[in-house]
Each structure stands twice: as C-alpha cells, then as structure tokens.
There are 2 protein chains.
Amino acid sequence: MITETKINLSEQTRERLLAAARLVFSKNGFQNATVREICRHAEVNIAAVNYYFSSKEALFAATLNFEPLLALCKETSQSPICAQVRLLNFIHDFLIQLLDKKEFSVQCQFMARELAEPTPVLEKIVQEAIVPIHQFVANLVREIVGEQISEAELRRCVFSIFGQCVYYRHGQPVIQRLHPNLSYDHKEIEAIAKHIGEFSLAGLKQFAQNKCP
Amino acid sequence: MITETKINLSEQTRERLLAAARLVFSKNGFQNATVREICRHAEVNIAAVNYYFSSKEALFAATLNFEPLLALCKETSQSPICAQVRLLNFIHDFLIQLLDKKEFSVQCQFMARELAEPTPVLEKIVQEAIVPIHQFVANLVREIVGEQISEAELRRCVFSIFGQCVYYRHGQPVIQRLHPNLSYDHKEIEAIAKHIGEFSLAGLKQFAQNKCP
DNA sequence: AAGTGTATCAAACGTTTGTTTTGAAGTAAA
DNA sequence: TTTACTTCAAAACAAACGTTTGATACACTT
C-alpha cells in the first residue's frame with residue numbers, strides 16, 4: 001500500500017514534469033525554455049529533470065507524441081469518400097491540432113517550432129511525423145490531380161498546402177501585431193480551414209486531369 | 001591625411017562588424033547568434049560591439065534594412081499592367097529576396113526569422129516592413145478579386161500567399177531533410193515562383209467578380 | 001613636449017544556463 | 001534496530017552569455 005502511494009507520488013512528479021515541459025516548450029521553443037521555468041511550473045525541484053530524464057534534451061524527446069498527427073493520416077485513408085473531401089477534412093483537422101488550444105495538441109506545436117529552430121531531436125521529428133504526414137498529403141494530391149504530375153510539381157503543391165496552414169502558427173507573433181483583435185476561436189479556425197481548403201483545391205484544379213464530381 | 005586613414009580604418013571595423021552581424025544573425029537568428037562569433041567573423045575585438053553599437057540588440061537593429069523589401073512594393077504599384085501579372089512579379093521578386101543567396105537579401109531573411117522567435121526589435125520590423133508589404137499584397141488581391149470581398153477573406157488570401165512563400169525559408173531545416181538533393185538555385189526559384197503564382201491566382205479566381213483578360 | 005580624444009585589446013565582470021553533487025527524510029528488508 | 005534503497009531538495013558546479021573595465025597605442029592639438 002505504502003509502496004503504491006510512493007510510486008504514485010513519484011509518478012505524479014514525473015507526469016507533472018512532463019505536462020509542464022509540454023507547456024513551456026510549446027510556448028518558448030526548446031532553446032528558450034529553461035529547466036528552471038519548467039520545474040517552477042511543475043512545482044518540483046530543479047534536479048528532478050535530470051533525475052527522471054537525465055537531460056533537458058531527453059525530457060524534450062519524452063514530451064513528443066506523434067499519435068494525434070499520425071492519426072490524421074490514418075483515419076481517412078481507406079475512406080470511400082472522394083479525395084477532395086478527404087483533403088478538406090485533413091486540412092481542417094490539421095489546423096485544429098495546430099491552433100486549437102483546447103485540443104491536447106500542444107505536442108503538435110513542437111513541429112512548427114522545430115521548423116525554425118532545429119534541435120538535435122529534429123531528425124526524429126522529421127522521420128517519424130513530418131515524412132509520413134507529407135507523404136499522406138502527397139498521396140491525396142496525386143489522387144486529386146492524377147498520375148501525370150511531376151515529382152517536383154507534386155512536392156510544390158504539398159508545400160503550398162502546408163505553408164498556408166503552418167503560417168497561422170508560425171507567424172503568430174506577427175499576425176498578433178498585424179491584427180490584434182484576431183483570436184483563434186473555434187469559429188475562426190473553421191473559417192480558416194474552409195478558406196485554405198477551397199483555395200488549395202482551386203490551385204490544384206489546374207493540374208487535374210480527372211475531377212471528383 | 002592621417003586622420004582620414006584612421007577614420008577609414010575605424011569605419012572599416014564598423015562596416016566589417018555590420019557585415020558579419022548580418023551574416024551570423026541571418027544564419028542563427030538573434031538569440032542563437034553570439035557576439036563572440038560575430039566578432040570572430042569580423043576579426044575584431046569583442047568589445048567593439050558595445051563600443052560602436054552599445055549593445056547586441058542595437059547592433060541587430062542596425063543591420064536591418066527594409067529598402068529591398070519596400071522597393072518590391074513601390075516598383076509595380078503605378079504600373080499599367082494588370083494586377084494578376086503584378087502579383088506574379090511580386091511573388092517572384094519576393095522569393096528571390098527570400099531565397100537567393102546571391103542577392104544582398106540577407107537582411108530580408110531576418111523577417112522570416114523574426115516570425116518564429118520574437119525579439120524586442122520585432123515591433124519595428126512589423127511596423128516598418130511587414131505592415132506595408134502585407135498592405136501592398138492586400139491591395140493587389142482586392143484589385144484582382146474586386147471590392148466585394150470581406151476583410152476577413154482578404155486577410156486570409158494574403159496569408160495564403162505569404163504562407164506559401166515563407167514556408168520555403170522557414171521550413172528549410174525540414175525541407176532539407178525531406179529532400180536532401182533540393183537546392184535553391186536560380187532555376188528552382190523560378191519554378192517555385194511560377195508554381196506559387198499560378199496556384200494563388202487559381203485560388204483567388206473563385207473570389208473574383210471581374211477578371212483580367 | 002605635454003595633453004586630448006579615439007580605437008583597440010586582453011581580461012574580468014555578473015548572470016544565466018544545464019548539470020552534478022551532497023545529504024536529509026522516508027520506506028522496505030534483514 | 002539496523003541496513004539498504006528510493007526520493008528529492010538545497011547547494012554547488014562548469015560553461016557560455018552579453019557587457020564592462022582599464023591599459024595601451026596612436027594621431028592630433030596646443
């Protein structure tokens with residue numbers, strides 16, 4: 001009994017540390033986040049980071065969770081609905097992962113962070129999350145526009161879609177100053193998703209040889 | 001005569017410092033760039049930064065030069081050619097400023113940097129460069145699609161265009177790992193500009209009420 | 001010739017960073 | 001009770017950062 005309590009307590013510290021790390025890392029990025037702030041937020045001692053995770057970098061790696069992102073790739077891949085709608089759904093869900101603070105998507109926001117400021121963990125992130133998700137969208141695009149598209153054009157189409165989405169998170173410091181009244185509530189996210197979806201489908205249409213009715 | 005030599009020499013150190021700062025800042029961003037690396041690169045003493053610029057932050061501010069960016073807004077604004085072509089030209093020139101290393105555009109790359117990692121100078125950058133350039137593209141878009149477009153939709157169109165462009169610079173660490181053989185030579189930049197231009201025009205077309213022949 | 005101001009330098013300053021050590025407190029086993 | 005182990009907090013650690021200092025050399029003025 002007492003052992004279990006002890007374990008629960010130590011697990012609690014570990015979990016509190018993980019939760020605080022996710023928060024601080026996603027707010028400040030890897031470099032700017034400090035171990036002290038994480039520990040202060042988790043209300044544990046500074047040494048706990050190295051005790052439980054042996055290093056700041058390992059703690060960062062431990063906070064990574066690609067499941068929500070990878071789930072976006074799986075759920076619609078075998079669907080009977082046409083590729084256009086599946087792309088719209090993906091953009092919508094991806095934006096929610098990226099922008100909605102009510103989602104437990106804080107982990108996903110690392111990706112956007114890492115784009116600008118590479119850390120030693122970037123390689124893992126690219127291989128385990130970004131490659132699959134880019135491949136997924138590439139397959140969707142190819143399904144929409146047909147097989148005759150070149151590799152280079154296909155790549156640029158995928159970049160155009162991701163570029164539009166990521167800009168809202170990546171450019172937030174600027175957007176906030178450009179449009180101080182703009183906040184990413186659920187309604188706004190829906191509108192953004194609708195816009196990017198239609199904008200991209202129109203952009204893709206010129207490459208298409210066969211269209212979805 | 002001897003005074004001039006002295007002045008020239010001291011001006012040389014100041015200029016070398018500025019050049020090195022531009023290089024290091026654009027490579028590592030403000031936070032990750034160190035005064036020591038800048039001085040080592042400029043082959044001057046560490047104290048020179050504070051002697052000539054009084055602080056690292058002031059040195060950073062001194063390296064900013066918005067003229068190449070603002071020039072993009074001016075040169076085509078009074079042109080007789082239609083808005084679609086002017087938008088294509090802008091995207092092309094903007095991408096060259098953003099991606100071409102042969103351009104003296106290193107200064108422009110700060111902007112993309114700052115998006116992710118705000119520094120105290122961000123406010124100045126937004127007000128003096130990003131606001132005008134966004135406004136310029138917003139005017140182009142409004143000219144293309146007509147006056148009936150809502151403010152929110154207009155804003156999202158502008159974001160879509162900038163998002164596509166900036167992604168190539170901002171996502172470079174990731175893109176490099178996704179496609180190791182891809183490099184931004186002049187030919188590739190032309191292709192990217194062509195793609196983003198056509199992609200965006202197609203996206204805008206659905207909002208348009210009057211079209212350019 | 002003595003004095004003035006500027007440019008440069010090596011060295012050190014005070015912080016802040018991630019990490020490590022030390023030891024106290026509590027629990028489980030002998 | 002004694003022994004061994006886990007948990008964790010305070011303190012100390014080495015390294016790196018931006019910045020400051022005081023000395024030195026030089027060109028110029030008076």
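Residue numbering restarts at 1 for every chain, and letters A, B, ... go by the order of the sequence lines.
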Nearest whole angstrom, please: distance from the [atom2] of [N] to the [atom1] of [X].
| X | N | atom1 | atom2 | answer |
| --- | --- | --- | --- | --- |
| B:Phe53 | C:dA7 | CZ | C1' | 14 Å |
| B:Leu59 | D:dC17 | CG | P | 16 Å |
| A:Asn50 | C:dT19 | CG | C1' | 5 Å |
| A:Ile46 | D:dC13 | CD1 | C1' | 12 Å |
| A:Gln31 | C:dT16 | CD | P | 17 Å |
| B:Lys56 | D:dT20 | NZ | C1' | 17 Å |
| A:Leu17 | D:dA9 | CG | P | 11 Å |
| B:Phe30 | D:dG18 | CZ | P | 8 Å |

Tell me if the side-chain of B:Asn45 makes a donor-acceptor pair with the base of C:dA7, cut-off 3.5 Å, by modelled atom types. no
Under 6.0 Å from the ring centre and within 45 degrees of the ring axis: does the NZ or CZ of B:Lys56 meet both conditions for the six-membered ring of B:Phe30? yes
Taking the inter-plane angle between the rings of B:Phe207 and A:His195 on a 0 to 90° scale, is it parallel (under 30°), tilted (30 to 60°) or perpendicular (over 60°)?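 Parallel, since the angle between the ring planes stays under 30°.
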Counting heavy atoms from C-beta on, name the nucleotide in C:dT19, D:dT7, D:dG18 closest to the side chain of B:Arg36. D:dG18
Test side-chain contact (heavy atoms from CB on, under 4.5 Å) applied to A:Leu17 and A:Cys39, step by step: CA-CA 7 Å; A:Leu17 211 42; A:Cys39 291; 4.3 Å; yes
Touch class at under 4.0 angstrom, heavy-atom based, for A:Ala33 against every strand present: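 Sugar-phosphate only.
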Within less than 4.0 Å of OP1 or OP2 of C:dA7, is there a side-chain N or O belonging to B:Tyr51?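 Indeed, a polar side-chain atom of B:Tyr51 lies that close.
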Has B:Thr13 got a side-chain N or O lying under 4.0 Å from the OP1 or OP2 atom of C:dA7? no
Ignoring hydrogens, what is the shortest heavy-atom contact between A:Leu182 and B:Arg155? Give both atom names and the distance.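 Heavy atoms only, the tightest pair is CD1-NH2, 3.4 Å.
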Shortest non-hydrogen contact from A:Cys157 to B:Phe199? SG-CE1, 4.4 Å
For A:Thr34 and for A:Ala47, find the nucleotide of DNA chain C with the closest heavy atom, then tell me which residue's nucleotide is more 5'.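 The residue mapped nearer the 5' terminus is A:Thr34.
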